[in-house]
Amino acid sequence: MATEQGIRVCAPVHDALLIEAGDKEIEDVISTTQSLMRKASEIVLSGFPLRSEAKVIKYPDRYLDERGSVMWNTVLGLLKE
């Protein structure tokens with residue numbers, strides 16, 4: 001639903017979406033994405049809407065999930081080779 005609305009989805013992350021938008025539009029894109037995720041939950045869960053929260057990460061920072069740090073470090077090591 002998000003990509004059909006023109007939202008740039010970079011990746012699914014567990015039960016979330018990593019999206020991309022410019023500084024001036026990020027709040028609107030977050031709002032739209034959350035609305036679509038709520039609609040999706042209602043479809044899958046017979047009308048039950050799920051809430052979501054958003055975390056904004058701006059350049060030059062990057063998303064990092066400590067649970068994936070071993071894999072991330074492995075990939076970085078392979079790239080150096």
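These figures come from a predicted structure and were not determined experimentally. The figures here come from the full heavy-atom set of this structure, side chains too, leaving out hydrogens, waters and symmetry mates.
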Open item on the list: Is it the case that over 12 heavy atoms from other parts of the model lie below 6.0 angstrom from the CG atom of Asp15?
Closed with: no
- [ ] Give a yes or no on whether Val56 and Val9 share a hydrophobic cluster (residues Ile, Leu, Val, Met, Phe, Trp, Tyr; joining criterion: side-chain heavy atoms under 4.5 Å apart).
- [x] yes
Open item on the list: What's the separation between atom CE in Met1 and atom OG1 in Thr33, rounded to the nearest 0.5 Å?
Closed with: 10.5 Å
Open item on the list: Does Ile7 form a side-chain contact (heavy atoms from CB on, under 4.5 Å) with Leu17? I'd like the steps, not just the answer.
Closed with: CA-CA 11 Å; Ile7 295 171; Leu17 294 177; over 6 Å; no
- [ ] Please identify each residue that fulfils side-chain contact (heavy atoms from CB on, under 4.5 Å) with Tyr59, with sequence neighbours left out.
- [x] none
Open item on the list: Minimum heavy-atom separation for Glu20 and Cys10, please, with both atom names.
Closed with: CB-SG, 3.7 Å
Open item on the list: When you group the ILVMFWY residues by side-chain heavy-atom contacts below 4.5 Å and let the links chain together, are Leu64 and Val75 in the same group?
Closed with: no
Task: Separation between CD1 of Ile30 and CD1 of Ile19, rounded to the nearest 0.5 Å - done: 5.5 Å
Open item on the list: When you measure from the side chain of Thr32 to the backbone of Asp28, do you find a donor-acceptor pair of N or O atoms at a distance under 3.5 Å?
Closed with: yes
Open item on the list: With a 4.5 Å cut-off on side-chain heavy-atom distances among I, L, V, M, F, W and Y, is there a chain of contacts connecting Ile43 to Leu45?
Closed with: no
- [ ] List, by chain and number, the other hydrophobic cluster members for Tyr63, where Ile, Leu, Val, Met, Phe, Trp and Tyr join if side-chain heavy atoms come within less than 4.5 Å, directly or indirectly.
- [x] Val13, Leu18, Ile57
Task: Pro49 to Ser41 - nearest heavy-atom pair and separation - done: CA-OG, 3.4 Å
